[in-house]
Amino acid sequence: MDKLEKLKIAHEIMSYLRAPDVFKNISDTFTLLNKLHNDANMLTGKSFSNMTPENLRLFSLALIVEVTEFLQEFNWKEWKRNNKVVYRQKVTAEFADIIAFIGTLIVLLNSAGIHPEELAMAYLSKEAENVNRFMKGY
């Protein structure tokens with residue numbers, strides 16, 4: 001792939017990331033996440049939606065565990081020769097768990113005054129930086 005083709009792809013990525021619907025969907029998603037957390041709080045009598053050191057620790061560790069479980073579904077150990085079968089259903093379920101805990105962390109950050117739109121902007125900025133790095137052969 002030559003530099004012009006790479007530049008076209010980078011431009012397409014950047015224009016997608018600037019689309020106004022990206023933020024609308026983030027807001028809609030966050031509204032749903034917030035409702036689910038409020039419902040869970042009412043059912044359990046516990047508040048998992050407030051930023052506390054315990055909640056931050058709990059859900060960050062849970063995210064790490066889920067990422068580890070996701071990795072375990074693949075043949076990622078180069079030194080180990082195994083022909084583990086990769087099951088699509090298990091991979092998607094583990095990835096859904098990752099997304100769920102990221103959503104919980106978004107709710108916690110929002111309760112601490114860091115809004116989802118701010119997180120989305122930080123993500124888009126990081127993606128732009130990564131595309132720029134890629135273009136420079138980073």
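Residue numbers count from 1 along this sequence.
The distance from the CD1 atom of Ile106 to the CD1 atom of Ile99 is 10.0 Å, given to the nearest 0.5 Å. Separation of atoms CD1 (Ile114) and CG (Leu119) is listed at 6.5 Å; rounding is to 0.5 Å. A distance of 7.5 Å separates CZ in Phe101 from CG in Leu58, rounded to the nearest 0.5 Å. Separation of atoms CZ (Phe59) and CG (Leu105) is listed at 8.0 Å; rounding is to 0.5 Å. Rounding to the nearest 0.5 Å gives a distance of 9.5 Å between CG of Leu109 and CD of Glu118.
When side chains are defined from C-beta on, Lys126 counts as touching Asn130, because their heavy atoms get closer than 4.5 Å. Taking the side chain as every heavy atom from C-beta outward, Thr52 and Asn55 approach each other to under 4.5 Å. In this structure, the side chains of Tyr87 and Val85 come closer than 4.5 Å at one or more pairs of heavy atoms.
The neighbour count for Arg133 CZ, taken as heavy atoms of other residues, nucleotides or ligands under 6.0 Å away, is above 12.
Using a 4.5 Å cut-off between side-chain heavy atoms of Ile, Leu, Val, Met, Phe, Trp and Tyr, with links allowed through other members, Val107 and Ile64 fall into different hydrophobic clusters. In this structure, Phe95 is a member of the same hydrophobic cluster as Phe74, with clusters built from ILVMFWY side-chain heavy atoms closer than 4.5 Å. Both Ile98 and Leu56 are members of a single hydrophobic cluster when ILVMFWY side chains are connected at heavy-atom separations under 4.5 Å.
No side-chain donor-acceptor contact under 3.5 Å links Ser125 to the backbone of Met121.
Across all their heavy atoms, Asn110 and Pro116 have their closest contact at OD1-CD, 3.4 Å. Nearest heavy atom pair, residue Ser111 against residue Met51, reads OG-N, 2.8 Å.
Sequence neighbours left out, not one pair with a member in residues 62-74 passes side chain to side chain donor-acceptor pair (under 3.5 Å).
Scored by the salt bridge (Lys or Arg N to Asp or Glu O under 4.0 Å) test, Arg57 finds Glu54 as partners (sequence neighbours excluded).
Note on Glu94 versus Lys90: no salt bridge recorded, every NZ/NE/NH1/NH2 to OD/OE distance being 4.0 Å or above.
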